[in-house]
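Only one structure is covered here, and it is reproduced in the block below.
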Amino acid sequence: MLLPTIQQPEQLKNLSVQELEELAVEIRQFLIEKLSVTGGHLASNLGVVELTLALHYCFDSPRDKMIYDVGHQTYVHKILTSRMDKFDTLRKHKGLCGFIKRTESEHDVWEAGHSSTSLSAAMGMALARDLKGEDNRVIAMIGDGALTGGMAFEALNHIGHEKKKLVVILNDNEMSIAPNVGAMHNYLSKIRSDRHYLRAKDEVESLLKKIPAIGDRLAKTAEKMKDSLKYMMVPGILFEELGFTYLGPVDGHDLNKLIDTLTLADNVDGPVLIHAVTTKGKGYHPAENDSHKWHGISPYKIESGQVLKSVGNPMYTEVFGQTLVDLGKQDDRIVAVTPAMPGGSGLIPFSKEFPHRMIDVGIAEQHAATMCAALAMEGMKPVFAVYSTFMQRAYDQIVHDICRHNANVMFAIDRAGFVGADGETHQGVYDIAFMRHIPNIVLMMPKDENELRHMMYTALQYNDGPIAYRYPRINGTGVALDERLECIPIGTWEKLTSGEGCAILACGPMVEVAEEAEAMLKREGIQVQIVNARFLKPLDSAMLDHLASSGTAMIVLEESSQAGSLGSAVLEYYAEQGTHDVVVSLMGIEDRFIEHGSIKEQRAEVGLTAEAVCTRVRDLISPASGNLSKRSFPS
Ligand SMILES: Cc1ncc(C[n+]2csc(CCOP(=O)(O)OP(=O)(O)O)c2C)c(N)n1
Ligand SMILES: CC(=O)[C@@H](O)[C@H](O)COP(=O)(O)O
Ligand SMILES: [Mg+2]
């Protein structure tokens, strides 16, 4: 066994290619075994074993900067950089991060989680290197999916212009999470698969070499012919025209070829793009067969590939997906738009029912948002189905193209709140803050999956501009689903208890936390009232005025950034109303990034628990509290 002997990447340089190949087998076995217990991004990592070995064999990390796009495919990098023994804690609370993490290793030089940033980072590091007069290499590994992200094209454009020495490894496995889409994908497929195309290229090149330079006029003709033939035959001409030296396509599992190609690339002065062709899920049959499912996988049985699904009520995402099918049958104006997340967003049923009305635009949130605005302006009812965290990419398009046009776009914001194992790069905790201040937007969050369905129906009937509903990455509550859907009056909250006493204004899954706290406090003889603050914009001003006039102390309980979200909106409201003798205590997420772990652990870490709510209520109502001194600013 070679793997246990590898503590540092430089040890690879002493191995023969055959030994590297043996190491690749051991690494795959290690990944398959470890992730059968922890879960994680198995397919992507199985696909980059040889690429990562060749990278560390040919270059010298951390002096040479290795930048991984998204960073979900860095388990092999972590194995080779002394973290093998931590894989039992992969994506666990305070354990090994599932993405690149600078605090874990000096070899982790660029963190991500969101796609398509690697080329910009590579350009920045190459520019800094040259300005400092240093000579380290800069290598970025980007997948074919990540290459569909607009940022990647911005960076390609700039890199090709500046012609800095750097290497881009395009890991082309034909897959994003789902099968990849787009014209770039089709172009790469042509290069990858047209063997005739490649054979012809050799013949053409040998022909071109035979054309003697005869006299100036003919020589110019020959040159033009060479260019046009090259244009037709040389694969990767697109990248060549952008200023890169294109090398490939090369078998991304052939270590000999990879090492030769990386060595060749290292001798090119200027930007090089290596087109590596790989198989996502390589080496594990279930993952190779269905790399969409095995992109991000739960624990599984190795022999059968049976996933050990956690039991529980249907996820909110599932209820969303099924309800959208029902609504889609009633209204053929509905078009679902997803930036590369058809599976994760629950849109597969809708795409099967309405293949022409589910549009996957690739990893292109900005394009998706603006396209939705135009769809709406042409009378369609677009659903922009997007994870909260990835919607951050489209902030300007939401302001400039959707809300300013007051376009009837419906936002289905999934993964709202803590997301668990993906951690800080994926937490859906900022969208209330960055959406509620945009004019014309209506923003809702249901207390359960039944209310989600009513909100989806409300959004469909709403024709006064953009309207959004946000829902979490958790199982539903199991509440019965109404057959008949009705509109919820815009801007109305829901009083869930008849009692008086301290009011807990809770949204989304925090309603359940509030109900748990209410039961605990009742046993102490303390009454609280619970309000389902299901509209984040507009607020229920009548309810807020009533609470203030009755002198009720309030707690705003939300699984989102405390700064700028619902709690801030309530404080702003009272300030604008000149209501100064009101007590509002905020319970949200403090001003820091919350790392990976379970959602339960993340909530506990920031005090979004029933116990913490009870403590806050007791503090608020205790005689010593002196209400006014308790006017609460974000804690
Ligand atoms: C901005 C953004 N949108 C969506 C995602 C979700 N996402 C994570 S990995 C991935 C596909 C990446 O495909 P590729 O780059 O080809 O990597 P592979 O997994 O195929 O190796 C997507 C869409 C993301 N991380 N960032
Ligand atoms: C790496 C990445 O961004 C995606 O794979 C993401 O992890 C998917 O998240 P879900 O598992 O919540 O769909
Ligand atoms: Mg891919």
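As the structure is a computational prediction, the values presented were derived from the model and not from experiment. Just follow the structure's listing: the first ligand is 1, and inside any ligand the first atom is 1. Counting begins at 1 with the first residue of the sequence.
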H295 neighbourhood, listing ligand 1 atoms whose heavy-atom distance to it stays under 4.0 Å:
9 (S), 19 (O)
Between H275 and Y246 (side chain of the first, backbone of the second, donor and acceptor by atom type, cut-off under 3.5 Å), is there such a pair?
no
Does ligand 1 have any atom that is closer than 4.0 Å to a heavy atom of G113?
yes
Would you please test Q427 and T389 for side chain to side chain donor-acceptor pair (under 3.5 Å) and show each step?
CA-CA 6 Å; Q427 306 291 21; T389 190; over 6 Å; no
closest protein heavy atom to atom 15 (O) of ligand 1 is A146 N, 2.9 Å
Starting from atom 5 (O) of ligand 2, which protein heavy atom do you reach first, and at what distance in Å?
H295 NE2, 2.8 Å
Of Q392, R473, R415, E365, the one forming a side chain to side chain donor-acceptor pair (under 3.5 Å) with Y387 is R415
Which residue supplies the protein heavy atom nearest to atom 10 (P) of ligand 2, what is that atom called, and how far is it?
R415 NH2, 3.5 Å
Looking at K280, which atoms of ligand 1 are within less than 4.0 Å of one of its heavy atoms?
18 (P), 19 (O), 20 (O)
Mind checking whether L147 contacts ligand 1 via backbone (N, CA, C, O), side chain (CB onward), both or neither, at a 4.0 Å heavy-atom cut-off?
neither
Which protein heavy atom lies closest to atom 8 (C) of ligand 2, and at what distance to 0.1 Å?
D422 OD2, 3.9 Å
Do any of the N, O or S atoms of S44 sit under 2.8 Å from the Mg ion (ligand 3)?
no
Nearest protein heavy atom to atom 21 (O) of ligand 1, by residue and atom, and its distance?
N173 ND2, 3.4 Å
Nearest to atom 3 (O) of ligand 2, what protein heavy atom do you find, and at what distance?
H426 NE2, 2.7 Å
Rounding to 0.5 Å, atoms CD1 (I432) and CD (E559) come to a distance of 9.5 Å
Quick check: does any side chain N or O of D69 sit under 3.5 Å from a backbone N or O of S116, one acting as donor and the other as acceptor?
yes
Expected output: side-chain K293 to main-chain P286 donor-acceptor under 3.5 Å:
no
Out of H185, H72, E174, M141, whose heavy atom is nearest to atom 19 (O) of ligand 1?
H72
Examine ligand 1 and decide if any of its atoms is less than 4.0 Å from a heavy atom belonging to D69.
no
Identify the closest protein heavy atom to atom 14 (P) of ligand 1: which residue and atom is it, and at what distance?
G145 N, 3.5 Å
Check against side chain to side chain donor-acceptor pair (under 3.5 Å), D422 and H72:
CA-CA 9 Å; D422 274 341; H72 64 308; over 6 Å; no
closest protein heavy atom to atom 10 (C) of ligand 1 is I177 CG1, 3.5 Å
Please confirm whether H114 comes under 4.0 Å of ligand 2, counting heavy atoms of the residue only.
no
Can you sort out which atoms of ligand 1 are near H114, meaning under 4.0 Å from one of its heavy atoms?
25 (N), 26 (N)
Considering the heavy atoms of F99, write down every atom of ligand 2 situated less than 4.0 Å from one of them.
1 (C)
Supply the atom-to-atom distance T278 OG1 to D251 CG, rounded to the nearest 0.5 angstrom.
9.0 Å
Starting from atom 1 (C) of ligand 1, what is the nearest protein heavy atom, named by residue and atom, and what distance separates them?
R393 NH1, 3.3 Å
Can you confirm, on distance only, whether ligand 1 has an N/O atom lying under 3.5 Å from any N/O atom belonging to Q73?
no
Under a 4.0 Å heavy-atom limit, does D144 contact ligand 1 with its side chain, its backbone, both, or neither?
both
Relative to ligand 1, is H41 under 4.0 angstrom through side chain, backbone, both or neither, heavy atoms considered?
neither
For the 3.5 Å polar cut-off, considering only N or O atoms, please tell me whether M175 and ligand 1 meet it.
yes
Could you tell me whether any N, O or S atom belonging to S176 is less than 2.8 Å from the Mg ion (ligand 3)?
no
Closest protein heavy atom (residue, atom, distance) for atom 26 (N) of ligand 1:
S115 N, 2.9 Å
Stepwise ring pair (Phe, Tyr, Trp, His ring centres under 6.0 Å) check, Y430 with Y395
CA-CA 11 Å; Y430 308 111; Y395 176 73; over 10 Å; no
Kindly say whether G428 contributes a backbone atom to a donor-acceptor pair with the side chain of R470 at under 3.5 angstrom?
yes
Atoms of ligand 1 less than 4.0 Å from N171 heavy atoms?
21 (O)
Applying salt bridge (Lys or Arg N to Asp or Glu O under 4.0 Å), run through R28 and E50 and close with a yes or a no.
CA-CA 10 Å; R28 277 197 171 85; E50 288 83 7; 2.8 Å; yes
Taking atom 13 (O) of ligand 2 as the reference point, the nearest protein heavy atom with its distance
Y387 OH, 2.6 Å
Under 4.0 Å to a heavy atom of F390 - the qualifying atoms of ligand 2, by number
3 (O)
If you scan protein heavy atoms around atom 5 (C) of ligand 1, the nearest is F390 CZ, 3.4 Å
Heteroatom test (N, O or S) for D144 near the Mg ion (ligand 3), limit 2.8 Å:
yes
Under 4.0 Å from a heavy atom of G143: give me the atoms of ligand 1 that qualify, with their elements.
14 (P), 15 (O), 16 (O)
So, the side chain of D360 versus the backbone of M341: is there a donor-acceptor pair under 3.5 Å, distance only?
no
Is there a heavy atom of S176 sitting under 4.0 angstrom from any atom of ligand 1?
yes
Are the side chain of S298 and the backbone N or O of L308 linked by a donor-acceptor pair below 3.5 Å?
no
Below 4.0 angstrom, N of the basic side chain to O of the carboxylate: do R83 and D108 qualify?
yes
Any salt bridge linking E104 with K78? Criterion: basic side-chain nitrogen under 4.0 Å from a carboxylate oxygen.
yes
Heavy atom of the protein closest to atom 11 (O) of ligand 2 (residue, atom name, distance)
R473 NH2, 3.0 Å
Heavy atom of the protein closest to atom 1 (C) of ligand 2 (residue, atom name, distance):
H41 NE2, 3.4 Å
Atom 3 (N) of ligand 1: which protein heavy atom is closest, and how many Å away?
E365 OE2, 2.8 Å
H437 side-chain N/O to A433 backbone N/O, donor-acceptor pair under 3.5 Å:
yes
Q366 side-chain N/O to R393 backbone N/O, donor-acceptor pair under 3.5 Å
yes
Angle subtended at the Mg ion (ligand 3) by N173 OD1 and M175 O, rounded to 10 degrees:
90°
Answer yes if the ring centres of H295 and H41 are under 6.0 angstrom apart, and no otherwise.
yes
Counting from 1, what ligand 1 atoms have a heavy atom of M341 closer than 4.0 Å?
6 (C), 23 (C)
When you measure from the side chain of S345 to the backbone of L347, do you find a donor-acceptor pair of N or O atoms at a distance under 3.5 Å?
no
Is the Y469 ring parallel, tilted or perpendicular to the Y471 ring (thresholds 30°, 60°)?
parallel
Check this for me: E512, atom CD, are more than 12 non-hydrogen atoms of other residues, nucleotides or ligands nearer than 6.0 Å?
no
